[in-house]
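Since the model is a prediction, treat every value here as computed from it, not as a measurement. For ligands, and for the atoms within them, numbers begin at 1 and follow the listed sequence.
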Amino acid sequence: MNAVHHHDHDQGAKLSRNQSQILSCLRKAGEPLSAYTILDRVRVSGISHPPTVYRALNELMQKGMVHRLQTRSAFIACGHGACDGKFAFAICRQCQKVVEIPLSDEDQTALLAFSPEEIDAEQVTLELAGVCQQCRPRAAV
Ligand SMILES: [Zn+2]
Ligand SMILES: [Zn+2]
């Protein structure tokens, strides 16, 4: 593969009008949003049906530009423009700040190796929860 795209905001990928509305909504938010919050925010631009939002979210997830936070049924724009799906999330449980952590192939392989014999694991979903620097009480430092 010679076509290396810069990690700028359009990735050279063609997005439909709905996809780019929803992606820019998530990028502006900078925090995880539920599908219904997204629907609320894109309503002004003429998207008014939940299935339309879900379809565009699925397409954006396939492109690696949007990720799903499994533990809170929310969606977030990829922290790096787009990625290949090897990542973990660290989440502050007080302010909901989310940081995307890229995983190396070795990390991914090591995690998949935890799978028991009867399950052939292919995918890792990893979310770390805690308190971010800003939310940490001063006295505890
Ligand atoms: Zn990503
Ligand atoms: Zn925080």
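Protein atoms that are N, O or S and lie under 2.8 Å from the Zn ion (ligand 2) are these: Cys92 SG, Cys95 SG, Cys132 SG, Cys135 SG.
Side-chain atoms of Arg68 and Ser73, non-hydrogen and from C-beta on, do get closer than 4.5 Å to each other. In this structure, Leu111 and Leu103 have side chains that are in contact, with non-hydrogen atoms separated by less than 4.5 Å. By the 4.5 Å heavy-atom criterion applied to side chains, Met65 and Leu15 are counted as neighbours.
Among residues at least two apart or in separate chains, there is no salt bridge (charged side-chain N to carboxylate O under 4.0 Å, His left out) pair with a member in residues 118-135. For the salt bridge (charged side-chain N to carboxylate O under 4.0 Å, His left out) condition, the pairs that include at least one residue of residues 93-117, sequence neighbours left out, are Lys86-Asp105.
By the rule that hydrophobic residues join a cluster once side-chain heavy atoms approach within less than 4.5 Å of another member, Met61 and Ile47 end up as members of one cluster. Both Val42 and Phe75 are members of a single hydrophobic cluster when ILVMFWY side chains are connected at heavy-atom separations under 4.5 Å. With hydrophobic clusters built from ILVMFWY side chains whose heavy atoms lie under 4.5 angstrom apart, Leu39 shares a cluster with Tyr54.
Just one residue in the list Leu26, Val98, Val66 forms a side chain to side chain contact (heavy atoms under 4.5 Å, CB included) with Ile76, and that residue is Val98.
Counting only protein N, O or S atoms, 4 lie closer than 2.8 Å to the Zn ion (ligand 1).
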